[in-house]
Amino acid sequence: MKNNNNDFSLDQRIPSMMVTDEEVDFRQYLSSGELSAIEHEVSIMETRESAGIEALKIVQQHRGWISDDSLISIAQCLNISSAQLEGVATFYNLIYRQKVGHFVIHLCDSISCHLTGYDEILNVIKRHLNIDYGQTTHDGQFTLLSNVCLGSCDKSPAMMIDGKHYQSLTADSVVAILNGLSQSVGEAND
Amino acid sequence: MTEPTSGNDPIDTNWLEQALIQALTKPLSHLINLEQPLDFDAYVRAGGYVGATKALKELTPKAVLDIVSESGLKGRGGAGFPTGMKWSCVPALQEKKLPEDSPFNVGSHNQGSHNQGNSYLICNADEMEPGTFKDRYLIEGVPNQLIESMIIASYTISANKAYIFLRGEYFLAAQRLQEAIDQAYENNWLGENIQGTEYQLDLYVHTSAGRYICGEETALINALEGKRATPRAKPPFPQVSGLFGKPTVVNNVETLSNLPHILKHGSEWFKDLSPNSDPGTKLYAACGQVNNPGVWELPMGVTIRELLYDYAGGMKDGVNLKGLLPGGASTDFLTQQHLDTPMDFDSISKAGSRLGTGGLIVLGDKHCPVAMVLNLLQFFAQESCGWCTPCRDGTPWAVEILTRIEQGEGTQKDLIQLNELCDFMWLGKTHCALAPGAVEPLKSAMRYFKEDFEQHIEQGCCPFEKEKQKKQEKLASNTMETSDDE
């Protein structure tokens with residue numbers, strides 16, 4: 001067989017083949033804070049599996065993203081297969097299955113923003129941070145993702161970072177916002 | 001953020017007085033305060049919980065249902081289905097036993113008139129239709145109204161548990177809702193023995209994590225059960241077998257928010273709010289290339305012209321109207337000739353589109369309509385859940401063809417193919433309404449903007465881009481001349 005050099009080689013596609021469910025014990029892996037928050041969510045639903053999205057969000061909030069170990073641990077905790085939870089995790093835009101930067105920029109690319117200057121804002125962000133969609137800056141500060149309509153259509157173009165919505169963006173304001181966030185991290189590290 | 005001081009009314013009394021003047025004409029929105037929503041006490045002082053008190057203390061669930069049916073309230077989430085009819089399919093509200101072969105008949109659920117605790121109410125607050133932001137105003141601006149509405153609806157369908165399914169991106173809304181829910185528990189409007197009655201209700205906020213299809217009611221139910229959110233086959237309908245297999249009613253935020261007012265002022269008042277056959281008011285919106293985008297509560301049936309020019313301030317930057325989507329991304333384009341159409345379910349439908357969510361998305365004549373449709377189709381292709389082939393393969397295929405046309409590489413054959421795709425993805429051929437929703441703007445754009453599609457193909461480029469480039473070059477050469485002069 002010829003050496004297959006395309007993007008779909010098995011190693012690249014399924015890196016998590018290396019971790020098996022048995023190698024992770026959720027009681028050791030998840031913190032008591034994470035566990036109690038997940039149990040609270042379970043208590044308001046009728047079944048353990050229905051707390052899946054909330055559990056993914058809780059762990060992501062603590063760790064920044066959902067690694068394979070995190071996914072397996074949550075699945076164990078909810079008594080469902082990791083395959084089922086992966087089906088849920090990969091369905092959603094706000095669950096990160098790859099490592100992301102300190103700030104994740106969710107830039108709205110839907111219709112109202114498209115009609116009111118999205119293209120320019122995207123180009124400004126790309127140039128300013130030197131990244132494209134799906135990429136993270138070298139210093140690990142910013143990841144850029146697109147987002148479907150953020151519901152800020154009366155104040156478009158819009159983006160969301162860290163749960164905060166930034167509206168009526170201009171080329172100048174978006175740079176000022178990114179610089180401000182960048183500085184806040186710098187100050188926190190000092 | 002300012003902390004509300006306990007004991008003192010944090011809301012300016014002048015503001016409240018002004019707001020209350022509109023209580024009877026703008027029931028949904030008169031109490032909206034986006035800066036600082038009314039807390040529980042202020043909401044009660046502003047006339048809140050009169051409707052819920054009446055429902056729980058004076059009326060049986062069946063009597064509430066009758067009032068809501070009589071009012072003619074139709075769902076505001078997009079489909080416009082009569083709310084009373086939707087509720088009446090819940091077994092707890094059925095007077096007679098259904099025939100054996102009825103799709104609503106699921107045996108044991110269908111016994112007697114009191115099936116306390118056997119059903120669920122879900123508020124669909126997964127507002128993700130592009131160009132739609134009305135529900136955010138209701139939730140962020142007057143969260144207590146939604147809580148009161150859900151108490152009334154839950155009582156009517158005999159639900160002891162209710163969920164608000166909120167889109168994950170609405171962080172501020174989630175926070176304000178939780179505060180309002182906590183206050184409702186403190187004041188015995190949630191929990192056990194509500195206001196001394198035997199009725200019990202627990203209310204929870206579930207925040208989603210970003211996927212358009214969760215707004216489809218059966219996909220929403222799967223999402224809430226922790227499953228991958230693909231839509232379910234109907235029947236059985238959710239009212240019979242929904243969340244965890246129990247009877248479930250899914251209602252939109254705006255639909256529910258009408259309930260306290262219908263109970264307080266009566267169904268006749270509600271009908272009289274509108275000059276035509278679709279009763280009530282509606283939260284209309286406008287966005288895109290207009291001067292003054294926003295949300296306005298107006299009597300059902302305001303014309304597109306009034307909405308566009310009197311409220312949205314007309315077209316921006318001196319452009320002319322090219323076309324508009326009357327109710328979100330998944331509705332058919334309308335054009336200049338439709339400006340005098342009333343924005344109600346029947347009239348918009350007769351004009352060849354759908355009222356949808358009542359939010360105009362407005363396109364000017366300097367922006368490429370093919371690029372706009374491409375953006376819309378990219379959205380639907382990305383948000384397709386992938387369950388059925390016509391949608392999973394059809395929407396990206398349409399994107400591929402549209403991209404080709406927009407880049408000036410399209411052929412006449414592409415137009416034929418796009419038309420064929422519109423047929424393949426139409427109602428009845430797909431698992432849910434997502435792909436037909438994508439067809440609506442696509443097919444209507446190909447009809448109304450046929451010349452623009454043809455020009456892309458004939459000229460081998462986007463004429464709008466060419467025009468823009470010409471302008472920029474002219475601007476650049478002008479600037480150079482000016483700087484030479486200096």
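From a predicted model like this one, the values you see are computed outputs, not experimental measurements. Every chain is numbered from 1, with letters handed out A, B, ... down the list of sequences.
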Between side-chain atoms of residues 165-174 of chain B and protein atoms elsewhere (two or more places apart, or another chain), which donor-acceptor pairs fall under 3.5 Å?
residue	atom	partner	partner atom	Å
Arg167(B)	NE	Glu169(B)	OE1	3.0
Arg167(B)	NH1	Cys149(A)	O	2.7
Arg167(B)	NH1	Glu127(B)	O	2.9
Arg167(B)	NH2	Cys149(A)	O	2.7
Arg167(B)	NH2	Glu169(B)	OE1	3.3
Glu169(B)	OE2	Asn147(A)	ND2	3.3
Tyr170(B)	OH	Glu127(B)	OE1	2.8

**Message:** I need the contact set between residues 35-46 of chain A and chain B: heavy-atom distance under 4.5 Å, sorted by residue number.
**Reply:** Ile44(A), Met45(A), Glu46(A)

**Request:** Could you check which of Ala286(B), Ala285(B), Ala312(B), Ala371(B) has the highest count of heavy-atom pairs closer than 4.5 Å to chain A?
**Result:** Ala371(B)

**Item:** Parallel, tilted or perpendicular, as decided by the 30° and 60° cut-offs, for the rings of Tyr311(B) and Trp296(B)
**Value:** tilted

**Prompt:** Quick one: what part of His165(A) sits under 4.5 Å from any heavy atom of chain B, side chain, backbone, both or neither?
**Reply:** side chain

**Prompt:** Is it true that the side chains of Ser182(A) and Gln141(A) contain a donor and an acceptor less than 3.5 Å apart?
**Reply:** yes

**Fill in**
Bottom line for Cys214(B): the part with an atom under 4.5 Å from chain A's heavy atoms is side chain

**Request:** Kindly check if the number of other-residue, nucleotide or ligand heavy atoms within 6.0 Å of CH2 (Trp387(B)) is above 12?
**Result:** no

**Item:** Modelled atom types, side-chain donor and acceptor of Arg232(B) and Asn222(B), under 3.5 Å
**Value:** yes

**Request:** For each of Ser152(A), Ala89(A), Gly52(A), Gly151(A), tally heavy-atom pairs with chain B at distances under 4.5 Å, and name the one with the top tally.
**Result:** Gly151(A)

**Fill in**
Which of Leu220(B), Thr218(B), Leu243(B) passes side chain to side chain contact (heavy atoms under 4.5 Å, CB included) with Pro238(B)? Answer is Thr218(B)

**Request:** Working to the nearest 0.5 Å, report the span between NZ of Lys57(A) and CG of Leu94(A).
**Result:** 6.5 Å

**Prompt:** Salt bridge between Asp154(A) and Arg136(B), side-chain N to carboxylate O under 4.0 Å?
**Reply:** yes

**Message:** I'd like to know if the side chain of Gln178(B) pairs up with that of Asp182(B) as donor and acceptor (distance under 3.5 Å, no hydrogens or angles considered).
**Reply:** yes

**Message:** Between Asp202(B) and Asn160(B), do the side chains contain a donor N or O and an acceptor N or O under 3.5 Å apart?
**Reply:** no

**Request:** Count the heavy-atom pairs under 4.5 Å between each of Gln378(B), Lys227(B), Lys134(B) and chain A, then report the option with the highest count.
**Result:** Lys227(B)

**chain A contacts, top residue of Leu224(B), Val362(B), Asn292(B), Leu363(B) (heavy-atom pairs, under 4.5 Å)** = Leu224(B)

**Choice from Glu129(B), Lys316(B), Lys161(B) maximising heavy atom contacts with chain A below 4.5 Å** = Lys161(B)

**Fill in**
The single option from Leu402(B), Leu442(B), Leu325(B) that satisfies side chain to side chain contact (heavy atoms under 4.5 Å, CB included) with Leu376(B) is Leu325(B)

**Message:** Pairing donors with acceptors under 3.5 angstrom, does anything connect the side chains of Asp69(A) and Ser67(A)?
**Reply:** no

**Message:** Please classify the contact of Lys164(A) with chain B as side chain, backbone, both or neither, using a heavy-atom distance under 4.5 Å.
**Reply:** neither

**Message:** By the salt bridge (charged side-chain N to carboxylate O under 4.0 Å, His left out) test, which pairs, at least two apart or in different chains, include something from residues 205-215 of chain B?
**Reply:** Arg211(B)-Glu383(B)

**Request:** Could you tell me which of Ile80(A), Thr47(A), Ile95(A) has the largest number of non-hydrogen atom pairs under 4.5 Å with chain B?
**Result:** Thr47(A)

**Request:** Select all residues of residues 116-134 of chain A having any heavy atom within less than 4.5 Å of some heavy atom of chain B, and report them by number, or 'none'.
**Result:** Thr116(A)

**Prompt:** What part of Gln84(A) is in contact with chain B, defined as an atom under 4.5 angstrom from a non-hydrogen atom: side chain, backbone, both or neither?
**Reply:** side chain

**Request:** Name the orientation class of the two ring planes belonging to His367(B) and His114(A) (parallel below 30°, tilted from 30 to 60°, perpendicular beyond 60°).
**Result:** perpendicular

**Request:** For Gly191(B) and Tyr185(B), work out which heavy atoms get closest and say how close.
**Result:** N-CE2, 3.5 Å

**Prompt:** What part of Tyr212(B) lies closer than 4.5 angstrom to a heavy atom of chain A: side chain, backbone, both or neither?
**Reply:** neither

